Q: 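Below is one structure. I have some questions about it.
Since the structure is predicted, the reported quantities are computational estimates derived from the model, not experimental observations. In the text below, chain A, chain B and the rest are named by the order of the sequence lines, each starting its count at 1.
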Amino acid sequence: MTQYTNQSVRVRFAPSPTGELHLGGARTALFNWLFARSHNGTFLLRIEDTDKVRSKQNFVDQICESLNWMNCDWDEKLVYQSKRNDIYKKSIQKLLTSDNAYRCFCDKEELARIRGEREKAGLGYTYPGTCRSLTQNNIKVKLENNTLNVIRIKIPKGETKFSDSIYGEITVQNNELDDFIVARTDGSPTYNFTAVVDDNDMGITHIIRGEDHISNTPKQIILYNALGYGLPQFVHLPMILGPDKKRLSKRHGATGVQAFRDQGFLSSALVNYLALLGWNPGTEQELFRLEELIGEFSLERVLKKGAVFDIQKLEWVNQQTILKMKNEDILNSIHSINMLWGDSRYLDYLLSVIELMKPRCKTIIELMDSSDYFFDDPQEYDSKTMRKRWKTNEVNELIIYFMEVLKNIVTWTQENIEIELRKLSDIKELSPAKFIHPVRLAVSGAGAGPSLFHMMEVLGKDVCIRRLEKAVEILPIDHD
RNA sequence: GGCCCGUUCGUCUAGGGGUUAGGACGCCGCCCUCUCAAGGCGGUAACACGAGUUCGAUUCUCGUACGGGCUACCA
């Protein structure tokens with residue numbers, strides 16, 4: 001078992017700012033963060049922006065915003081790879097002088113052609129090593145002629161093995177590996193190289209990243225060795241998959257963290273659900289507060305198998321989270337996505353609306369959408385309910401009776417409203433439902449919703465009477 | 001193609017040589033009930049396949065199948 005006690009944990013999340021933070025990245029960030037926080041360690045953020053064309057500052061901002069929203073705060077300053085070019089240059093020089101890397105003058109197109117042919121023939125391809133043993137003189141001449149060249153790592157003979165915290169022992173024969181490029185023709189370094197240099201410089205103890213990096217690991221280990229660095233612990237996390245079992249991507253629809261926020265998911269719910277993808281606490285608990293996750297999380301209980309992302313379960317977690325939240329906190333979450341919600345009303349009124357609606361929605365967007373009638377008189381009535389509950393003019397008569405009763409209520413509470421309604425239904429020898437359903441339709445426009453009496457209490461006497469009067473005027477509507 | 005990784009209900013998962021294979025989401029039914037939710041109760045449904053080891057394998061080993069990842073002057 002890995003020992004964490006001797007050195008303090010330092011981990012990092014290293015996104016490349018070529019897009020917004022997606023679920024896979026969010027999960028990787030979260031597991032890094034949980035691991036750091038549960039070991040009193042340090043969580044760092046590194047921006048892998050060596051691809052100058054695709055990297056954008058606004059994506060950096062978005063990623064940071066998403067992480068902040070998830071409460072995954074990072075320690076120390078952001079590290080931008082684009083600002084570390086001098087350091088990479090020096091390391092590449094070191095590789096060259098120690099004979100662990102070499103200049104390759106091969107033509108890019110020519111190499112691509114050979115690779116294409118090999119692939120067509122169903123054969124594997126690795127760089128043939130043409131430039132591996134160029135003489136000093138040879139190199140000098142080509143350099144003088146300004147021949148374009150890249151720097152390749154010299155993969156040593158033998159095999160490379162490492163022990164992954166999740167996947168266990170992994171061994172790869174070095175001859176399967178390519179003399180891959182560490183610096184491009186323009187001198188800029190490539191991913192496998194910068195990752196190694198930075199992880200070493202940043203003192204990273206555990207490299208926690210997606211399983212898609214397992215095959216990069218042997219290459220990186222060879223670089224660690226070539227540069228004389230000590231090895232960190234490698235920890236590869238299983239992938240998050242779409243319903244087709246392929247790695248989750250844009251193809252599967254909106255997978256950006258911010259899209260989930262905008263759809264009314266709470267960050268604590270998303271975090272809770274994401275934690276459950278590929279990890280479990282070994283108990284039957286499924287709902288966690290962030291602090292509980294920190295307490296429970298351990299790498300030992302991370303699975304090897306990819307997990308399919310299930311929106312329905314996320315919705316359930318979100319609903320459960322809403323249910324447990326204080327109304328004030330729900331209001332804050334609502335206002336964080338729509339500042340104007342309910343701005344014409346008093347705080348107490350908004351809290352009452354939330355109290356009534358919160359067991360009836362999976363997301364806070366749903367909560368907002370389904371509470372319209374607490375703010376505006378219904379503009380239309382649910383047609384199915386209309387046909388079922390307000391078919392004839394007899395209903396109008398009943399509602400008119402009921403309105404008279406309501407007008408006489410002095411203390412407008414749900415109890416009093418209910419007492420009066422039941423009294424009236426007794427008098428008319430009708431079931432209370434004969435009143436309840438049309439009244440709900442008139443007052444809310446909907447066929448379903450919170451307890452009618454509670455709803456009426458919150459809406460207030462004047463509003464209820466006004467809406468009932470209007471309904472009596474226009475209902476029933478003839479349908480053919 | 002090659003290399004690496006994986007495989008328990010539809011999905012997330014527990015378990016692990018002998019279990020009625022447990023939980024959760026979803027779905028279905030019942031209860032509660034003024035409707036819809038929430039809640040309660042119950043039901044549906046899984047160890048990929050084949051060998052081997054063993055008294056006994058879903059669990060260990062090896063194959064096969066299937067799935068995924070990587071195989072760039074992307075990260």
Q: With a cut-off of less than 4.0 Å, is there a side-chain N or O of A/Asn280 near OP1 or OP2 of B/rA14?
A: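 The answer is yes; a side-chain N or O of A/Asn280 sits under 4.0 Å from OP1 or OP2.
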Q: Taking atom P in both B/rA45 and B/rC9, compute the distance separating them and give it to the nearest angstrom.
A: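 It comes out at 14 Å once rounded to the nearest Å.
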Q: Quiz question: going by heavy-atom distance under 3.5 Å, is there a donor-acceptor pair between the base of B/rC73 and the side chain of A/Thr190?
A: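 A donor-acceptor contact between them is absent.
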Q: For B/rA57, give its Watson-Crick or G-U wobble partner with both distances under 3.5 Å, or none.
A: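 Its partner: none found.
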Q: Which part of the nucleic acid, if any, lies within reach of A/Leu277 when heavy atoms closer than 4.0 Å are counted: base, sugar-phosphate only, or nothing?
A: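 Sugar-phosphate, no base atom in range.
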Q: Work out how far the P atom of B/rG18 is from that of B/rA72, and round it to whole angstrom.
A: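 Their P atoms lie roughly 46 Å apart.
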Q: Over how many whole Å does the gap from A/Tyr167 atom OH to B/rC4 atom P extend?
A: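 About 15 Å, once rounded to whole Å.
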Q: Between A/Asn216 and A/Tyr191, is there a side-chain donor-acceptor contact under 3.5 Å, judged purely by atom types and distance?
A: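 Their side chains do not contain a donor-acceptor pair, so the 3.5 Å distance test is not met.
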Q: It should be established whether A/Lys313 places a side-chain nitrogen or oxygen under 4.0 Å from OP1 or OP2 of nucleotide B/rU11.
A: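 For B/rU11, neither OP1 nor OP2 has a side-chain N or O of A/Lys313 closer than 4.0 Å.
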Q: Taking any strand in view, what nucleotide pairs with B/rA72 in a Watson-Crick or G-U wobble way, both distances under 3.5 Å?
A: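 Its partner: none found.
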Q: Verify the contact: side-chain N or O of A/Arg440 to OP1 or OP2 of B/rC36, cut-off strictly under 4.0 Å; return yes or no.
A: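 No, A/Arg440 has no side-chain N/O under 4.0 Å of OP1/OP2 on B/rC36.
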Q: Would you indicate what A/Leu303 reaches in the nucleic acid, counting non-hydrogen atoms under 4.0 angstrom: base, sugar-phosphate, or nothing?
A: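 Sugar-phosphate, no base atom in range.
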Q: Using a cut-off of less than 4.0 Å, is there contact between a side-chain N or O of A/Lys245 and OP1 or OP2 of B/rU11?
A: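 Answer is yes, contact under 4.0 Å.
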Q: If only side-chain N and O atoms of A/Arg115 are considered, is one of them under 4.0 Å from the OP1 or OP2 phosphate oxygen of B/rG1?
A: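 Looking at the OP1 and OP2 atoms of B/rG1, neither is under 4.0 Å from any side-chain N or O of A/Arg115.
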Q: Using the ring-ring contact (aromatic ring centres under 6.0 Å, His included) rule, pick out the option among A/Phe43, A/Phe13, A/Phe297 that qualifies with A/Phe31.
A: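 Testing each of A/Phe43, A/Phe13, A/Phe297 against A/Phe31, the sole residue satisfying ring-ring contact (aromatic ring centres under 6.0 Å, His included) is A/Phe297.
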Q: What I want to find out is whether A/Lys313 reaches A/Glu286 closely enough, with some N-O distance under 4.0 Å, to be called a salt bridge.
A: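 Yes.
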Q: Inspect the contact between A/Lys423 and A/Glu420 and indicate whether a charged nitrogen and a carboxylate oxygen are less than 4.0 angstrom apart.
A: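 Yes.
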Q: Within the structure, does a side-chain N or O atom of A/Arg301 lie under 4.0 Å from either OP1 or OP2 of B/rG15?
A: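 Looking at the OP1 and OP2 atoms of B/rG15, one of them is under 4.0 Å from a side-chain N or O of A/Arg301.
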Q: With both distances kept under 3.5 Å, what pairs with B/rU20, Watson-Crick or G-U wobble?
A: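 By the stated definition (distances under 3.5 Å), nothing pairs with B/rU20.
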Q: What does B/rU35 pair with, Watson-Crick or G-U, if both distances are under 3.5 Å?
A: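 Partner of B/rU35: none.
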Q: Using the C1' atom on both, measure B/rU64 against B/rG22 and round to a whole Å.
A: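 It comes out at 31 Å once rounded to the nearest Å.
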Q: Of the options B/rG69, B/rA75, B/rG26, whose atoms approach the side-chain atoms of A/Asn216 most closely?
A: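 Looking only at heavy atoms from C-beta outward on A/Asn216, the closest nucleotide is B/rA75.
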Q: Identify whether any heavy atom of A/Leu323 sits under 4.0 Å from a base atom; if not, whether one sits that close to sugar-phosphate; answer base, sugar-phosphate or nothing.
A: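 Touches sugar-phosphate only.
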Q: State plainly whether the residues A/Arg12 and A/Asp198 are in salt-bridge range, i.e. N to O under 4.0 Å.
A: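 Salt bridge absent between A/Arg12 and A/Asp198.
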Q: When rounded to the nearest Å, what value does the distance between C1' atoms of B/rA57 and B/rA37 take?
A: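 Per the computed distance, 46 Å lies between those C1' atoms.
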Q: Taking the nucleotide of RNA chain B with the nearest heavy atom to each, does A/Arg247 or A/Thr185 sit closer to the 5' end?
A: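 The 5'-side residue here is A/Arg247.
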Q: For the side chain of A/Glu211, starting at C-beta, report the closest nucleotide among B/rG69, B/rA72, B/rG22.
A: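 Looking only at heavy atoms from C-beta outward on A/Glu211, the closest nucleotide is B/rG69.
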Q: Starting the side chain at C-beta, find the nucleotide from B/rG26, B/rC4, B/rA75 nearest to A/Ser16.
A: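 In terms of side-chain proximity for A/Ser16, the closest of B/rG26, B/rC4, B/rA75 is B/rA75.
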Q: Inspect the contact between A/Arg209 and A/Asp199 and indicate whether a charged nitrogen and a carboxylate oxygen are less than 4.0 angstrom apart.
A: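 Here A/Asp199 does not pair with A/Arg209 in a salt bridge, since their nearest N and O are not under 4.0 Å apart.
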Q: B/rC62 pairs with which nucleotide, Watson-Crick or G-U wobble, both distances below 3.5 Å?
A: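 The answer is B/rG50, by the H-bond criterion.
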Q: Would you measure the distance from the P atom in B/rC12 across to the matching atom in B/rU19 and give it in whole Å?
A: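 Roughly 26 Å separates the two P atoms.
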Q: Go through B/rC12, B/rC70, B/rA75 for me and flag the one nearest to the A/Ala307 side chain.
A: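 Nucleotide nearest to A/Ala307's side chain: B/rC12.
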Q: Tell me which nucleotide among B/rU11, B/rC4, B/rC34 gets nearest to the side chain of A/Val308.
A: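 In terms of side-chain proximity for A/Val308, the closest of B/rU11, B/rC4, B/rC34 is B/rU11.
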Q: Please determine whether any donor N or O and acceptor N or O are separated by less than 3.5 Å between the side chain of A/Ser451 and the base of B/rC34.
A: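 Side chain to base: pair found, below 3.5 Å.
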Q: Using only side-chain N and O atoms of A/Gln320, determine if any of them is under 4.0 Å from OP1 or OP2 of B/rG39.
A: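 Yes, within the criterion.
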Q: Is A/Arg113 salt-bridged to A/Glu109, going by a charged N under 4.0 Å from an acidic O?
A: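 A/Glu109 and A/Arg113: not salt-bridged.
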Q: Is A/Thr50 near enough to B/rA75 that one of its side-chain N or O atoms lies under 4.0 angstrom from OP1 or OP2?
A: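 Result: yes.
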Q: Among B/rU35, B/rA38, B/rC70, which is the nearest nucleotide to the side chain of A/Pro359?
A: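 For A/Pro359, the side-chain atoms sit closest to B/rA38.
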Q: As a test of reading the structure: which of B/rC74, B/rC73, B/rU35 is closest to the side chain of A/Lys108, going by heavy atoms?
A: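 Of all the options, the side chain of A/Lys108 is nearest to B/rC73.
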Q: Would you mind telling me which of B/rG10, B/rC74, B/rU35 lies closest to the side-chain atoms of A/His437?
A: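 In terms of side-chain proximity for A/His437, the closest of B/rG10, B/rC74, B/rU35 is B/rU35.
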Q: Think A/Gln319 has a side-chain N or O under 4.0 angstrom from the OP1 or OP2 of B/rA38?
A: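 Answer yes for this pair, as a side-chain N or O of A/Gln319 is under 4.0 Å from OP1 or OP2.
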Q: Counting the atoms with a prime plus P, OP1 and OP2 as sugar-phosphate, which does A/Pro450 contact under 4.0 Å by heavy atoms, base, sugar-phosphate, or nothing?
A: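 If one applies the 4.0 Å heavy-atom cut-off, A/Pro450 turns out to touch a base.
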Q: Do any side-chain nitrogens or oxygens of A/Lys219 fall under 4.0 Å of OP1 or OP2 in B/rU71?
A: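 Negative; the distance criterion is not met.
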Q: If B/rG29 has a Watson-Crick or G-U wobble mate with both distances under 3.5 Å, name it; if not, just say none.
A: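 Base partner found: B/rC41.
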Q: Return the nearest nucleotide to the side chain of A/Trp316; candidates are B/rC3, B/rC34, B/rA24.
A: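 Closest nucleotide to the A/Trp316 side chain: B/rA24.
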Q: Name the nucleic acid region contacted by A/Gly278, choosing base, sugar-phosphate or nothing; use a 4.0 angstrom heavy-atom cut-off, strictly under.
A: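 Touches sugar-phosphate only.
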Q: Under 4.0 Å, counting only non-hydrogen atoms across every strand here, what does A/His213 touch: a base, just sugar-phosphate, or nothing?
A: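 Contact class for A/His213: base.
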Q: Would you say A/Thr147 and A/Asn145 are linked by a side-chain donor-acceptor pair, where the criterion is simply a distance under 3.5 Å?
A: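 A/Thr147 and A/Asn145 do not have a side-chain donor-acceptor pair below 3.5 Å.
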